[in-house]
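Note that the structure is a prediction, hence the values are computed from the model and not measured. Residues: numbered from 1 along the sequence shown.
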Amino acid sequence: MIRNILGSVVALAGAASAVLSPFRDWYAGRAGHEYRVRDLFEGITATESGVLVSILLPFLVAALLVIVGVVLRSRLVVAFAGVVVLGFTILWMVRQGQAAGSLVVGGDGAGLQVGVVNALAGGVLMVIGALLMRGRRSRRGAGREPVERYAVPAADQVDTWPPTQEPGMSVQQSPWPEPEVEPYTGPDPRDARTRSYPRVPHPEDDPRDPVHPPHHPPPG
């Protein structure tokens, strides 16, 4: 959260510096808004430009991108805005160097001036702001507590079931007693399909039962 706020402040400061730079002198006393956008692609001329078709236009677009990126907490959008400002500024420096034969920095206002510095600083601040921001967190992982992972027991240790760590099988067992299974007493005599199956002898008729010897009817 703090990183997002800090990065947003730095990026917005860079956007403000970039937008204000065309209203300051760029080269030899000529303000930045006097350079046309088309001059950056066709060559610098002495023709003055309107404000909305000057180099201010891409800087305004970059500032709007910064605002959108800050609202959406998108690092990519903010970084792209910084690249736009730096790209147009460097392109202007290349064209101005071609037109003047060379670029000089003079204290008497004969070379590069403070407007260029503001534009370059604005682009750099936008990129730094994008790097400082953490961006948006994924909704899939938001609000979930970290799941504690249990270490795999060693081969010489009894397997355990987390989280009680009590010895036993690695299966979750029910706390209720298991129902007893009734013993098999033979086929159902009422079922015609199993009526012919051999039946288990009654305990009293089992000769192997010492407690209940077989009972034979008295001879008639």
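For CD of Q98, the number of neighbouring non-hydrogen atoms (other residues, nucleotides, ligands) closer than 6.0 Å is greater than 12.
By the salt bridge (Lys or Arg N to Asp or Glu O under 4.0 Å) test, R30 is found to be paired with E34, residues two or more places apart in sequence or in another chain being considered. Applying the salt bridge (Lys or Arg N to Asp or Glu O under 4.0 Å) test to R75 and every residue at least two apart in sequence or in another chain returns nothing. Checked against salt bridge (Lys or Arg N to Asp or Glu O under 4.0 Å), D25 has no partners two or more places apart in sequence or in another chain. With sequence neighbours excluded, no residue forms a salt bridge (Lys or Arg N to Asp or Glu O under 4.0 Å) with R3. Take A100 and apply the side chain to side chain contact (heavy atoms under 4.5 Å, CB included) test, not counting sequence neighbours, and it matches Y27, Q96.
Criterion: ILVMFWY side-chain heavy atoms under 4.5 Å apart, direct or through other members. Under it, V9 and I2 are not part of a common hydrophobic cluster. Taken together through direct or relayed side-chain contacts under 4.5 Å among Ile, Leu, Val, Met, Phe, Trp and Tyr, V85 and V37 form part of one hydrophobic cluster. Hydrophobic clustering, with ILVMFWY side chains joined whenever heavy atoms are under 4.5 angstrom apart, groups V10 together with I67. Linking Ile, Leu, Val, Met, Phe, Trp and Tyr whenever their side-chain heavy atoms come within less than 4.5 Å leaves V66 and V19 in two separate clusters. Tracing side-chain contacts under 4.5 Å through hydrophobic residues (I, L, V, M, F, W, Y), one never reaches L12 starting from L20; they form parts of separate clusters.
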Please tabulate, one pair per line, all N/O donor-acceptor pairs under 3.5 Å involving side-chain atoms of residues 54-61, not counting sequence neighbours.
from, atom 1, to, atom 2, distance (Å)
S54, OG, V51, O, 2.7
S54, OG, L56, N, 3.2

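Between atom CZ of residue R134 and atom CG of residue N4 there is a gap of 7.5 Å, rounded to the nearest 0.5 Å. In this structure, OH on Y35 lies 8.5 Å from CH2 on W26, to the nearest 0.5 angstrom. To the nearest 0.5 Å, the span separating CG on D39 from CG on L91 amounts to 10.5 Å. S8 OG to R73 CZ: the interatomic distance, rounded to the nearest 0.5 Å, is 9.0 Å. Atoms CE and CG, from M93 and L112 in turn, are 5.5 Å apart once rounded to the nearest 0.5 Å. Interatomic distance, CG of N118 versus CZ of R24, reported as 5.0 Å (0.5 Å rounding).
Side-chain atoms of R95 come within 3.5 Å of backbone atoms of L40 as a donor-acceptor pair (strictly under, hydrogens ignored).
Side-chain atoms of L120 and L86, non-hydrogen and from C-beta on, do get closer than 4.5 Å to each other. In this structure, the side chains of F88 and V84 come closer than 4.5 Å at one or more pairs of heavy atoms.
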